[in-house]
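Here is the structure we will look at.
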Amino acid sequence: MKLPSYSIGNGEQWRYHGIYQDQWRHDQKVKEAVKANLADMVSDEHITIADGRRVINVPLPELKEFRISFDWHHVETVGQTDDNATGSHGEHKNSMGTGKEGGTENGADVEDTAVTLEEAADIVFERLALPDLDPLKRSLGDGRELQPESWDKVGLKSRWVRRETLREAMKRHVKEHQERLDIQPTDVRYWRYEALPAAEGGAVVLAMMDTSGSMGTFEKYLAKSFFFWTVEFLRRNYPHVELVFLAHDVRAREVDEETFFHRGSSGGTVSSSVYRLGLDILEQRYPAEQFNSYAFHFTDGGNLTSDNALAVEIGMELARRTNLFGYGEIHDTDRNPSPLFQSFQERQGIGAILLRRKEDVFRALEYYFGKDGEKKNAHTLQA
């Protein structure tokens, strides 16, 4: 629909966009607010609310209504006052106080705006991607596509099978003892297409989480937050990627998604058990020639001392088997990283990160899945 134009002043054109322009401005402000608060938003503890709508609150400056500007091109016009008193739009400028003395001017109007998880995810995920994804590795997807599987005596001319047609003509030539080889209509064969499962880029992600008794509330929250956003990212951007959830204390087990995110903490910690289980699952169910594979392990680093050497050995084997092996260690204090972290940090092929704050969840997502910048062998997210 063409919007009407109106002439104002010395012939300048002004278009009235109405509520559509208001809505566009609001959407732009929301998008800017989400981008400015990504780190806090990703670590928001109130992602869900009671009525089942998944929403996130972000601070959004109050939007002002449109008004006519009498100095659109910043030229002197009738009614314009000194800029020191008013702005070019006729607004009184705020006198922001300096120092610690209380001011007398009103503050900026800021309110929390509810943004659905899906809307926020669109902004978060636009800068993420699975690293080193080999598109030549294929697996069967959910879609269907027509593929030539056999031939028939009837069909479209565009589906003519030359090799099989010639073979039929030669068989008839020998059988009838003809001197000259010719092709009869009964010799012609055509491809017959059938709907078969569509081939998709194959990928599997192993989500491995420490559920031992040493994982406190803070450690569990950061680990689950990272995996929550990882799962959302993969399902939105890579619908055919398979997810395998592994939980471990002194022993590792494969669990369903519900159990993975709601399992309590108990027992000791033997990290080599989950690395061994991950390797076994990849070897048995996800051939290297067919699947891109990724593994992420989040823990507080409190591994059994006698298991460290074995955990490093099997962890390195898992790193060689996967496109990316990420090791995340979570501490809410300034204590030094564990011997397991230090061992992984010194070796090539493992992305070792240290998380100390809630905001580090978003930084971890960017580190592992970020499209921009080169990945380092090891990286520490400092408080």
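Any value given below was found using the heavy atoms of this structure, including those in side chains, with hydrogens, waters and symmetry copies removed.
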Problem set entry | Glu329: side-chain hydrogen bond (donor to acceptor under 3.5 Å, both in side chains) partners, not counting sequence neighbours | Tyr327, His331, Ser338

Exercise. For Tyr294, which residues count as a side-chain hydrogen bond (donor to acceptor under 3.5 Å, both in side chains) partner, sequence neighbours excluded?
Worked result: none

Salt-bridge present ([X], [Y]; N to O < 4.0 Å):
{"X": "Glu257", "Y": "Arg235", "value": "yes"}
{"X": "Arg356", "Y": "Glu219", "value": "no"}
{"X": "Lys171", "Y": "Glu168", "value": "yes"}
{"X": "Glu283", "Y": "Arg321", "value": "yes"}
{"X": "Asp182", "Y": "Arg172", "value": "yes"}

Would you mind reporting whether [Y] and [X] have side-chain heavy atoms less than 4.5 Å apart?
{"X": "Phe245", "Y": "Leu243", "answer": "yes"}
{"X": "Val270", "Y": "His248", "answer": "no"}
{"X": "Thr165", "Y": "Arg162", "answer": "no"}
{"X": "Leu130", "Y": "Leu234", "answer": "yes"}
{"X": "Leu222", "Y": "Phe298", "answer": "no"}
{"X": "Tyr368", "Y": "Phe226", "answer": "yes"}
{"X": "Met209", "Y": "Leu246", "answer": "no"}
{"X": "Arg357", "Y": "Arg363", "answer": "yes"}

Exercise. Can Asn303 and Thr269 be counted as having a side-chain donor-acceptor contact under 3.5 angstrom?
Worked result: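 Side chains of Asn303 and Thr269: no pair found under 3.5 Å.
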
Problem set entry | Asp210-Thr299 side chain donor-acceptor pair, cut-off 3.5 Å |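 Yes.
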
Once you round to the nearest 0.5 Å, how far does [atom1] of [X] lie from [atom2] of [Y]?
{"X": "Phe341", "Y": "Ile353", "atom1": "CZ", "atom2": "CD1", "answer": "8.5 Å"}
{"X": "Thr259", "Y": "Glu254", "atom1": "OG1", "atom2": "CD", "answer": "11.0 Å"}
{"X": "Arg285", "Y": "Phe291", "atom1": "CZ", "atom2": "CZ", "answer": "10.0 Å"}
{"X": "Asp249", "Y": "Leu304", "atom1": "CG", "atom2": "CG", "answer": "12.0 Å"}
{"X": "Leu310", "Y": "Arg276", "atom1": "CG", "atom2": "CZ", "answer": "7.5 Å"}
{"X": "Lys220", "Y": "Ser225", "atom1": "NZ", "atom2": "OG", "answer": "12.5 Å"}

Is there a path of hydrophobic side-chain contacts, each under 4.5 Å between heavy atoms of I/L/V/M/F/W/Y residues, joining [Y] to [X]?
{"X": "Leu206", "Y": "Ile350", "result": "yes"}
{"X": "Ile183", "Y": "Tyr190", "result": "yes"}
{"X": "Met215", "Y": "Val361", "result": "no"}
{"X": "Leu340", "Y": "Met208", "result": "yes"}
{"X": "Phe228", "Y": "Val241", "result": "yes"}

Shortest non-hydrogen separation from [X] to [Y] and the atoms involved:
{"X": "Ser271", "Y": "Asp307", "answer": "N-OD2, 3.3 Å"}
{"X": "Ile330", "Y": "Ala223", "answer": "CD1-N, 3.6 Å"}
{"X": "Asp300", "Y": "Arg335", "answer": "O-NH2, 3.2 Å"}
{"X": "Phe344", "Y": "Val312", "answer": "CE2-CA, 3.9 Å"}
{"X": "Ser212", "Y": "Gly267", "answer": "CB-O, 3.4 Å"}

If only atom types and distance count, is the side chain of [X] paired as donor or acceptor with the main-chain N or O of [Y] below 3.5 Å?
{"X": "His262", "Y": "Glu258", "answer": "yes"}
{"X": "Asn237", "Y": "Ala129", "answer": "no"}
{"X": "Asn323", "Y": "Asn292", "answer": "no"}
{"X": "Glu164", "Y": "Val161", "answer": "no"}
{"X": "Thr322", "Y": "Leu318", "answer": "yes"}

Problem set entry | Check: Phe261 ring centre within less than 6.0 Å of Phe227 ring centre |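 Centroid distance Phe261-Phe227: not below 6.0 Å, so no.
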
Exercise. Looking at the rings of Tyr275 and His297, which for Trp means the six-membered one, are their centres under 6.0 Å apart?
Worked result: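 Aromatic pair counts; centres sit under 6.0 Å.
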
Problem set entry | Working for side chain to side chain contact (heavy atoms under 4.5 Å, CB included), residues Leu181 and Met170 | CA-CA 7 Å; Leu181 177 63; Met170 293 177 66; 4.1 Å; yes

For this session: For Phe233, check ring pair (Phe, Tyr, Trp, His ring centres under 6.0 Å) against everything at least two apart and list the hits.
Result: Phe125, Tyr238, Phe369

